[in-house]
Amino acid sequence: MVNEVADKRVLVVDDDPSLLKLISMRLLGAGYKVESADSGKQALGIMETFNPDLVISDLRMEGMDGMALFGATRERYPGMPVIILTAHGTIPDAIEATKKGVFSYLTKPFDSQQLLTATADAIRLHPMGSDDNRQTDDSNWRSAIISRSAKMEELLQQARQVADSDVSILINSQSGTGKELLAKAIHLISDRASAPFVAVNCAAIPESLFESELFGHTKGAFTGANREHVGLFQSANGGTLFLDEIGDMPLNFQVKLLRALQEREVRPVGATQPISIDVRIISATHRNLEQAIQDGEFREDLYYRLNVVELRLPPLAERRDDIPLLVNHFLNQILSRSRKQVTGYSDEAMELLIAAPWPGNVRQLQNVVEQTVALCSGPLIPAELVQKALRDKPSSLPSFARARDEFERRYLADLLKATTGNVTQAARIAGRNRTEFYKLLDKHHLSPEAFRE
């Protein structure tokens with residue numbers, strides 16, 4: 001546990017010196033970085049430099065009490081989780097506090113495990129990120145990418161390594177994962193950062209306008225060309241041109257793009273002389289371009305020209321530890337431009353968000369956050385609104401046992417299909433004796449006779 005929490009900071013606030021020391025020692029022993037304060041006002045001062053991931057505060061204190069501290073904390077750090085410590089007689093007040101957005105409460109006396117479990121859950125479900133004024137060495141170029149996952153960190157390190165090499169980069173990922181954000185981050189850390197970054201969605205350009213949009217055209221080049229048009233290559237000169245959804249580029253234009261990249265010049269439609277260009281190309285696609293090449297829909301020579309370095313941006317389902325961070329980011333953005341008095345998501349709602357399948361990735365998550373905030377009538381967004389926003393689709397991941405059972409059933413059914421119900425042959429392929437194999441078939445209610453021709 002120590003390795004997992006070594007960089008996590010907890011601020012403990014209590015006017016009881018002995019309890020303050022006891023809680024601090026327990027958290028320090030578990031590996032957290034801990035600061036303590038004996039009053040709400042002192043706690044606010046410590047926050048300015050300590051930047052905690054969690055505040056644990058007593059409910060009843062002289063001067064600024066726990067709820068007043070919670071309110072002041074939310075004004076400064078909207079996503080900061082707060083755990084309230086309460087005596088048995090003030091449990092109703094603590095329950096009311098959770099309705100207002102306090103993460104949870106602990107009733108005195110509590111044991112070490114309760115404290116550590118609540119602490120870990122609060123930080124997991126409501127992680128603090130770049131939106132909370134955390135400064136990192138990478139904040140300038142990657143600040144738009146909200147993440148703490150190991151997979152994303154590995155990807156960003158790869159991106160940083162190739163940023164200055166000026167080679168063409170292909171970003172391969174599903175729709176809605178943030179391909180343009182990654183491309184912009186690479187541009188910002190490259191030597192071309194002071195020059196333009198120009199993004200174009202190839203799927204959004206009519207086929208007849210591709211050449212004009214990318215290369216430009218002269219006045220009178222075709223009907224409706226009433227003035228000279230500077231193409232996107234010229235607009236990005238010296239900088240980076242991001243070609244999103246490159247797999248949707250018309251085949252007849254692909255050879256022209258290849259020629260422009262090879263010769264480092266473009267010829268506007270209607271022009272007699274080419275124009276030299278100095279552009280770094282970053283392209284992206286959600287399609288399988290190798291399959292598109294086999295299907296005759298994408299040029300192989302262009303593919304290798306664009307794919308000098310390939311970066312795979314993981315889907316949201318592969319970076320679930322980023323979901324609470326992204327939710328808080330989108331929530332803070334929405335609240336900054338609205339009058340809604342929403343303080344956050346209930347624990348159950350956040351668990352649903354973490355477990356959802358997210359076929360639409362980060363873009364879908366943002367839409368869900370916007371919808372739930374718009375429909376929320378109280379301070380805390382409930383699980384019911386999240387379920388509705390997910391269109392009532394089952395959102396929880398299967399348990400390990402269920403996933404294993406589903407795999408076994410599919411595997412056994414495929415074996416029986418392949419062997420046309422021959423149990424001896426199927427058991428041999430599976431590496432099981434006939435008795436064990438029959439038990440597996442019985443477990444999944446599979447009849448070999450049903451697979452025999």
Could you go through residues 195-209 and list every donor-acceptor pair under 3.5 Å that involves a side-chain atom there, pairing it with any protein atom two or more places apart or in another chain?
residue, atom, partner, partner atom, Å
Asn201, OD1, Ala203, N, 2.9
Glu207, OE2, Asn252, ND2, 3.4

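- Arg148 contributes a side-chain N or O that, together with a main-chain N or O of Asp321, makes up a donor-acceptor pair within less than 3.5 Å.
- In this structure, the side chains of Leu257 and Ile246 come closer than 4.5 Å at one or more pairs of heavy atoms.
- Residues that satisfy the salt bridge (Lys or Arg N to Asp or Glu O under 4.0 Å) test with Lys41, not counting sequence neighbours, are absent from this structure.
- Of all non-hydrogen atoms in Tyr345 and Val373, the two that sit nearest each other are OH-CG2, 4.4 Å.
- Applying the salt bridge (Lys or Arg N to Asp or Glu O under 4.0 Å) rule to Arg319 yields the partners Asp322; only residues at least two apart in sequence or on another chain are considered.
- When the side-chain hydrogen bond (donor to acceptor under 3.5 Å, both in side chains) test is applied to Arg74, no partner is found at least two apart in sequence or on another chain.
- Between the side chains of Arg26 and Ser112, at least one donor N or O lies within less than 3.5 Å of an accepting N or O.
- Separating the CD1 atom in Ile282 from the CD1 atom in Ile186 is a distance of 4.5 Å, to the nearest 0.5 Å.
- Between Leu188 and Asn140, the closest side-chain pair of non-hydrogen atoms is not below 4.5 Å.
- Counting heavy atoms from C-beta on, the side chains of Leu115 and Ile83 never come closer than 4.5 Å.
- Listed by chain and number, the residues in a side-chain hydrogen bond (donor to acceptor under 3.5 Å, both in side chains) with Gln364 amount to none (sequence neighbours excluded).
- Side-chain contact check for Leu125 versus Ile354: some heavy-atom pair is nearer than 4.5 Å.
- Remark: Asp14 pairs with no residue by the salt bridge (Lys or Arg N to Asp or Glu O under 4.0 Å) rule, at least two apart or across chains.
- Judged by distance alone, the side chain of Thr117 and the main-chain N or O of Gln114 form no donor-acceptor pair under 3.5 Å.
- Of the possible polar contacts, none joining the Lys33 side chain to the Pro52 backbone as a donor-acceptor pair under 3.5 Å is found.
- In this structure, the side chain of Glu180 does not engage the main chain of Gly178 through any donor-acceptor pair within 3.5 Å.
- Inter-residue side-chain proximity for Glu35 and Arg9 is flagged as unmet; no heavy-atom pair is nearer than 4.5 Å.
- Not one N or O on the side chain of Arg305 forms a donor-acceptor pair closer than 3.5 Å with the backbone of Leu258.
- Listed for the Trp358 side chain is a donor-acceptor partner under 3.5 Å among the backbone atoms of Leu353.
- Using a 4.5 Å heavy-atom threshold, the side chains of Phe110 and Ile23 count as touching.
- With hydrogens and angles ignored, the 3.5 Å screen pairs a side-chain donor or acceptor of Lys340 with a backbone N or O of Ala374.
- Rounding to the nearest 0.5 Å places CG of Leu325 at 11.0 Å from CD1 of Ile323.
- Donor-acceptor pairing under 3.5 Å is lacking for the side chains of Gln294 and Glu290.
- For the atom pair CG of Leu412 and CG of Leu446, the computed distance is 6.0 Å after rounding to the nearest 0.5 Å.
- Under the side-chain contact (heavy atoms from CB on, under 4.5 Å) criterion, Tyr304 pairs with Glu300, sequence neighbours left out.
- For Glu62, the CD atom is loosely surrounded, since the number of other residues' heavy atoms within 6.0 Å does not exceed 12.
- Just one residue in the list Leu375, Ile334, Leu331 forms a side-chain contact (heavy atoms from CB on, under 4.5 Å) with Glu370, and that residue is Ile334.
- Not a single side-chain hydrogen bond (donor to acceptor under 3.5 Å, both in side chains) links Ser104 to another residue, sequence neighbours left out.
- Between Met47 atom CE and Met80 atom CE the span is 5.5 Å, to the nearest 0.5 Å.
- In this structure, Gln161 has no side-chain hydrogen bond (donor to acceptor under 3.5 Å, both in side chains) partners at least two apart in sequence or on a different chain.
- Checked against ring pair (Phe, Tyr, Trp, His ring centres under 6.0 Å), Tyr105 has no partners two or more places apart in sequence or in another chain.
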Cut-off 3.5 Å, no hydrogens considered: what does the side-chain donor-acceptor table look like for residues 310-318, sequence neighbours left out?
residue, atom, partner, partner atom, Å
Glu310, OE1, Asn307, ND2, 3.4
Glu310, OE2, Asn172, ND2, 3.1
Arg312, NH1, Glu318, OE1, 3.2
Arg312, NH2, Glu318, OE1, 3.4
Arg312, NH2, Glu318, OE2, 3.0
Glu318, OE1, Lys151, NZ, 3.0

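- Using a 4.5 Å cut-off on side-chain heavy atoms (C-beta onward), Leu27 and Ile56 make contact.
- In this structure a side-chain-to-backbone donor-acceptor pair under 3.5 Å is missing from Arg280 to Ser168.
- Of the possible donor and acceptor atoms, none in the side chain of Asp58 sits under 3.5 Å from a partner among the backbone N and O of Met61.
- Scanning all heavy atoms of the two residues, the minimum distance from Ser175 to Glu245 falls at OG-OE2, 4.0 Å.
- Taking the side chain as every heavy atom from C-beta outward, His329 and Gln366 never approach each other to under 4.5 Å.
- Proximity of a side-chain donor or acceptor of Arg160 to a complementary backbone N or O of Ile189 within less than 3.5 Å is not detected.
- With rounding to the nearest 0.5 angstrom, the CE atom of Met249 is 11.0 Å from the CG atom of Asp244.
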If you look only at distance, which donor and acceptor atoms sit under 3.5 Å apart when one is on a side chain in residues 229-238 and the other is two or more places apart or in another chain?
residue, atom, partner, partner atom, Å
Ser235, OG, Gly231, O, 3.1
Asn237, OD1, Asp278, N, 2.7

